[in-house]
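Data block below; observations after.
Whatever order the structure lists them in is the order used to number ligands and atoms, beginning at 1. Because the structure is predicted, anything quoted here is derived from the model rather than measured.
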Amino acid sequence: MPTYKAPLRDVRFLMNDVLDYPAHFKTLSNGELADADTVDMILEGAADLCENVLAPLYQSGDDEGCHFDNGTVTTPKGYKEAYDQYVQGGWQGLSYPEEFGGQGLPMSLNLIKSEMMGTANWSFTMYPGLSAGCMNTILQFGTDEQKNTYMPNLTLGTWSGTMCLTEPQCGTDLGQVKTRAEPQADGTYKLFGTKIFISAGEHDLTENIIHIVLARLPDAPKGTKGISLFIVPKFFVNEDGSVGERNPVFCGSIEHKMGIKASATAVLNFDGATGYLIGKMHEGLHAMFTFMNTARIGTAVEGVAHAELSFQGALPYAKERMSMRALSGKKDPEKVADAIIHHADVRRMLLTQKAVAEGGRAMIYHAAQLADKMTDNLLKGDQAGHDYWDDKLGFFTPILKGFLTELGLEASNLGMQVYGGHGYIKEWGMEQIVRDARISTLYEGTTGVQALDLLGRKVLLSSKGKVVRDYTAEILKFCSRHARNKQMRRFVWDLTKVCAQWNTLTIRLMLTARKDRDIVSSASVDYLMYSGYAMMAYFWAQMAAVALEKIENGGTEVPEFYQAKVQVAEFYFDRLLPRASGHAEALVSPSRTLTQMAPEHFSFDY
Ligand SMILES: Cc1cc2nc3c(=O)[nH]c(=O)nc-3n(C[C@H](O)[C@H](O)[C@H](O)COP(=O)(O)OP(=O)(O)OC[C@H]3O[C@@H](n4cnc5c(N)ncnc54)[C@H](O)[C@@H]3O)c2cc1C
């Protein structure tokens with residue numbers, strides 16, 4: 001069973017040496033709160049919570065799962081106590097405003113905390129994660145009264161939240177939402193309908209659950225333009241802020257799932273439940289999309305989390321398990337055979353996991369800085385500033401969510417592969433990681449949907465390729481800064497080629513799409529994966545540049561730490577980046593090979 005150890009050395013390397021978080025914090029209006037001592041305390045405290053409270057519940061939560069009994073849901077043994085500890089530690093309010101009882105720290109610290117929590121126990125992390133989605137909605141779109149009613153307890157964590165979008169007939173295409181909201185004389189609404197797959201929809205961790213629900217008013221236009229957003233509390237809130245009577249929103253059942261079994265996934269029936277409109281009428285979907293970028297990065301973290309945990313499980317096994325002799329000669333001559341870590345193919349698997357976990361972490365920590373700037377502007381009331389950073393983050397979001405969750409799943413599978421047949425046996429804990437990881441490419445927008453968002457909306461429609469031109473221009477600046485460094489030459493050369501190809505592919509798709517609209521769908525996932533490999537290459541090159549400088553001039557870590565960074569970067573450029581070429585070749589091929597076959601000819605048997 002993998003035991004989780006928070007990768008604090010890597011976290012500090014990224015924060016202090018690669019992404020210069022101390023300087024970044026200075027640019028934020030709440031940045032002075034994130035001084036070195038506070039950041040250190042948060043990292044150490046989160047590591048302690050994750051290693052000693054959450055990780056020990058990971059396997060038992062999977063074994064036991066959640067229990068459903070006549071509308072009530074009980075989480076597995078130990079989850080309530082762990083959640084209480086989480087609340088007592090003030091963890092939910094880390095990056096939420098002080099006026100509601102939070103600590104007002106930059107959002108990035110929340111994301112860094114979530115990565116550790118998610119790696120230690122993804123199912124547990126779903127509960128506070130969904131609350132964050134609810135809190136962000138209320139903060140951004142709620143009236144003062146709504147904020148004052150719900151934010152204090154959500155910030156404390158004594159109440160939790162959900163996001164209720166999906167219905168039986170639609171998950172991706174939310175224009176089909178049927179849940180109806182009937183206006184009442186007192187300005188409230190009565191909601192009728194069924195939502196499915198609602199994470200944290202019912203559970204025993206908190207005294208109230210605040211649902212954010214997409215529903216349609218009687219006179220609403222058809223499709224996505226006719227959906228509004230409502231706050232529906234499980235229990236009404238009394239004048240004095242205490243929990244009142246039950247609102248008729250009931251849990252009909254919970255799903256029996258492949259993984260994340262300790263996270264309750266509920267069917268919720270709204271039987272005339274009272275709801276309060278949040279944001280503007282008919283603009284619910286627009287409101288949801290405005291904070292989707294941060295929510296999706298929250299899910300991208302899952303790719304890193306599962307890659308890291310699976311790597312932590314696979315590494316000690318690869319050092320202990322003996323099998324045959326290394327081709328280059330005996331490595332453990334006194335033993336009956338060599339440890340499997342001496343076989344190049346096992347190293348391929350371990351290095352892939354390490355490259356994905358550490359490369360993905362770098363990508364996410366960078367995106368977290370953009371999220372900080374976006375949130376900072378929002379809190380300052382600077383809408384234009386908010387929109388600027390939201391746009392910047394918007395380019396990263398589908399790449400991070402789609403690419404990192406796909407690679408996280410691959411890395412989890414590789415961890416199981418390192419164990420051979422034992423990886424398939426439950427007690428080792430490696431198959432659980434694969435089962436848990438599988439959901440990450442599905443919810444919060446499937447990989448296909450992320451790919452359409454990237455290529456269709458962000459690259460072609462909104463910016464006519466400018467986002468790629470701007471981003472590759474930044475990479476090329478990095479290349480020219482390091483072009484004279486002999487040890488950086490191979491990274492610089494490959495990155496330069498990738499930048500040229502990324503732009504050429506984008507232009508080619510833009511031209512083809514004028515005649516062939518299907519090309520956007522047929523090329524999109526390959527384009528997303530290409531973009532992911534290209535982006536991760538840039539982050540590995542940045543880490544290599546810092547590591548090489550530290551090897552020469554000394555740093556806070558031992559030289560071997562920096563050496564390993566350079567070696568993983570070399571591995572990435574030699575073994576993973578070449579996959580981008582395959583995607584490049586596939587994405588420019590005509591859409592015809594995907595569209596030509598008639599649906600009835602997919603099979604001749606049925
Ligand atoms: C464990 C779990 C937890 C969840 N938690 C929540 C939650 O808390 N709140 C919530 O509201 N929902 C939640 N969901 C729902 C989840 O977000 C949806 O399942 C997901 O968005 C996909 O929707 P769908 O299942 O309806 O699939 P569909 O939309 O039916 O998609 C089916 C397939 O078609 C593809 N597809 C669809 N449209 C297109 C298109 N235009 N172009 C190309 N391909 C397309 C998709 O990529 C997918 O491969 C959860 C789901 C699960 C399983």
Quick check on the 6.0 Å ring-centre criterion: do Y83 and Y127 meet it?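 No: the rings miss the under 6.0 Å criterion.
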For residues F124 and Y58, establish whether the separation of their ring centroids is below 6.0 Å.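 Ring centres of Y58 and F124 not closer than 6.0 Å.
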Kindly say whether [Y] contributes a backbone atom to a donor-acceptor pair with the side chain of [X] at under 3.5 angstrom?
X    : Y    : result
E64  : K77  : yes
T405 : A300 : no
Q353 : A411 : yes

Structural part of L165 in contact with ligand 1, heavy atom criterion under 4.0 angstrom: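 It is both backbone and side chain that touch ligand 1.
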Hey, is [atom] under 4.0 Å from any protein heavy atom?
atom                    : value
atom 35 (C) of ligand 1 : no
atom 28 (P) of ligand 1 : yes
atom 7 (C) of ligand 1  : yes
atom 45 (C) of ligand 1 : no
atom 32 (C) of ligand 1 : no
atom 14 (N) of ligand 1 : yes

Are side-chain N/O atoms of Y79 and T74 paired as donor and acceptor at under 3.5 Å?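 No pair is found: no donor N or O on one side chain lies under 3.5 Å from an acceptor on the other.
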Can a side-chain donor-acceptor contact be found between Q92 and Y86 if the only test is distance below 3.5 angstrom?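 The criterion, which ignores hydrogens and geometry beyond distance, is satisfied for Q92 and Y86.
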Which residue and heavy atom of the protein sit nearest [atom], plus the separation:
atom                    : result
atom 19 (O) of ligand 1 : F197 CD1, 3.8 Å
atom 3 (C) of ligand 1  : S199 OG, 3.3 Å
atom 18 (C) of ligand 1 : T166 OG1, 4.2 Å
atom 16 (C) of ligand 1 : Y443 CB, 3.9 Å
atom 52 (C) of ligand 1 : I439 CD1, 3.7 Å
atom 23 (O) of ligand 1 : G171 CA, 3.3 Å
atom 47 (O) of ligand 1 : T446 OG1, 2.6 Å
atom 39 (C) of ligand 1 : T172 CG2, 4.7 Å

Any residue meeting salt bridge (Lys or Arg N to Asp or Glu O under 4.0 Å) with E255, in chain and number order, not counting sequence neighbours: none
Below the 3.5 angstrom mark, is there an N/O of I196, backbone or side chain, next to an N/O of ligand 1? no
Check the pair K401, D453 against salt bridge (charged side-chain N to carboxylate O under 4.0 Å, His left out), reporting the backbone distance first and the verdict last. CA-CA 11 Å; K401 161 65 170 81; D453 180 43; over 6 Å; no
For ligand 1, is there an atom lying under 4.0 Å from some heavy atom of I198? yes
Just to be sure I'm reading this right: ignoring hydrogens, which of T162, L452, T447 gets closest to atom 43 (C) of ligand 1? Compare them by their nearest heavy atoms. L452
Looking at OG1 of T166 and CD1 of I196, how far apart are the two atoms once the value is rounded to the nearest 0.5 Å?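 Rounded to the nearest 0.5 Å, the OG1-CD1 separation comes out at 6.5 Å.
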Only heavy atoms of [X], strictly under 4.0 Å: list the atoms of ligand 1 that pass.
X    : result
L442 : 20 (C)
K257 : 1 (C)
E444 : 17 (O)

Using side chain to side chain contact (heavy atoms under 4.5 Å, CB included), reason through K190 and T274 one step at a time and then give a plain yes or no. CA-CA 5 Å; K190 291 252 181 265; T274 298; 3.2 Å; yes
Compare all side-chain heavy atoms of M536 with those of L404 and state whether any distance is below 4.5 angstrom.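 Contact flag for M536/L404 side chains = yes.
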Test side chain to side chain contact (heavy atoms under 4.5 Å, CB included) applied to K225 - qualifying residues, sequence neighbours left out: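 Here no residue qualifies.
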